Amino acid sequence: MLKREEILERLSESVVRGDVEEAKKAAKDAIEEGIDAYEAIMLGCAKGMFVVSDKYERFEYFMPDLICSAEAMSAATDILKPHISVEKAHLSGRVVIGTVEGDIHSIGKEIVKVFLAAAGFDVHDLGVNVPNKEFLKKAMEIKPEIVAMSTLTTPTIESMANVINLFKKEGVRKGYKFLVGGAVLSEEWRIRLGADGYGKDASEGARVAKRLMEEAKCWPSPS
Ligand code: B12
């Protein structure tokens with residue numbers, strides 16, 4: 001097997017087994033071998049996460065297994081993230097990002113953050129399980145052009161709608177662009193939520209964010 005394939009397989013396997021030490025070693029080997037860091041995350045770690053997800057759905061894995069796998073994935077991505085090569089850009093604008101109320105999934109949001117920062121955005125992370133009103137509070141405080149929300153669970157899509165409604169209620173909806181993403185989201189959901197952009201993954205998210213910036217320039221500034 002080619003060394004590259006071997007390392008990607010080790011990354012995937014270590015996530016499936018929830019082996020933090022092996023995940024770290026494989027991530028370091030990926031960097032040393034010159035494997036593109038984003039490919040290592042997506043074709044290695046995330047591939048393993050899909051296996052984990054399948055096992056969870058078939059009741060072969062349970063919560064403790066998911067937690068171990070998530071820890072292995074986080075350990076590997078922490079090593080890989082600083083090496084993600086995205087075209088560096090001048091400061092594009094500001095983004096407030098968070099995983100919405102009721103949802104604690106963080107791994108995807110962390111990767112999106114790296115891509116947005118690399119694309120030149122000044123990113124303010126509110127963390128996970130962010131109360132709806134925190135998005136509004138932070139947006140009013142730092143006046144970002146974009147408010148980005150992540151969710152991986154179906155019930156918490158509602159939180160995204162609640163956040164957008166809060167902005168509407170305050171009469172400031174038009175001052176911000178809403179970018180949404182996460183495994184349960186889709187372009188159809190974006191339309192239903194009345195958000196401005198959707199990214200299926202981190203690289204698409206950064207591309208869409210740049211497009212939203214162009215549109216934001218034609219919008220009234222947040223008041
Ligand atoms: C790891 C994991 C966990 C870990 C999370 C650890 C952590 N620190 O994040 C733990 C074990 C804690 C966990 C908990 C739970 N989980 Co979970 N989890 C997963 C799993 C296996 C992988 C998620 C992951 O990290 N993927 C890898 C990353 C890289 O991918 P990603 O997050 O999708 O992100 C990419 C894109 O979606 C996109 N993206 C993400 N966010 C954003 C935002 C923007 C703005 C943009 C543009 C793009 C974008 O870009 C990212 C990078 O390319 C998924 C299965 C799956 N297939 O998604 C289940 C899954 C999401 N979990 C699920 C569930 C049900 C739960 C629990 C409710 C379980 C429980 N009974 O308690 C709890 C959640 C509790 C809560 N209140 O939130 C379900 C959700 C089902 C649903 N449709 O509602 C899934 C789908 C598993 C399943 N098949 O049932 N989970």
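Worth knowing before you read on, the calculation uses all heavy atoms, side chains too, and leaves out hydrogens, waters and symmetry mates. Just so it is clear, the structure is predicted and the values come from calculations on it, not from any experiment. Whatever order the structure lists them in is the order used to number ligands and atoms, beginning at 1.
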- Message: Taking the ring of Y38 and the ring of F115, is the distance between their centroids below 6.0 Å?
- Response: yes

- Item | Salt bridge present between E110 and K81 (N-O < 4.0 angstrom) | yes

- Task: Taking atom types as modelled, find out whether T156 and T153 have a side-chain donor-acceptor pair closer than 3.5 angstrom.
- Result: yes

- For ligand 1, would you mind listing the residues that have at least one heavy atom less than 4.0 Å away, ordered by chain and number? Y38, M42, M49, S53, Y56, E57, M63, L66, I67, A70, M73, G102, D103, I104, H105, S106, I107, G108, I111, V112, A148, M149, S150, L152, T153, T154, P155, L179, V180, G181, G182, A183, V184, G199, K200, D201, A202, G205

- Message: Side chains of Y61 and V16, heavy atoms from C-beta outward: is any pair under 4.5 Å?
- Response: yes

- Can we say E141 and K137 salt-bridge, meaning some charged N sits less than 4.0 Å from an Asp/Glu carboxylate O? no

- Message: When you group the ILVMFWY residues by side-chain heavy-atom contacts below 4.5 Å and let the links chain together, are F59 and I67 in the same group?
- Response: no

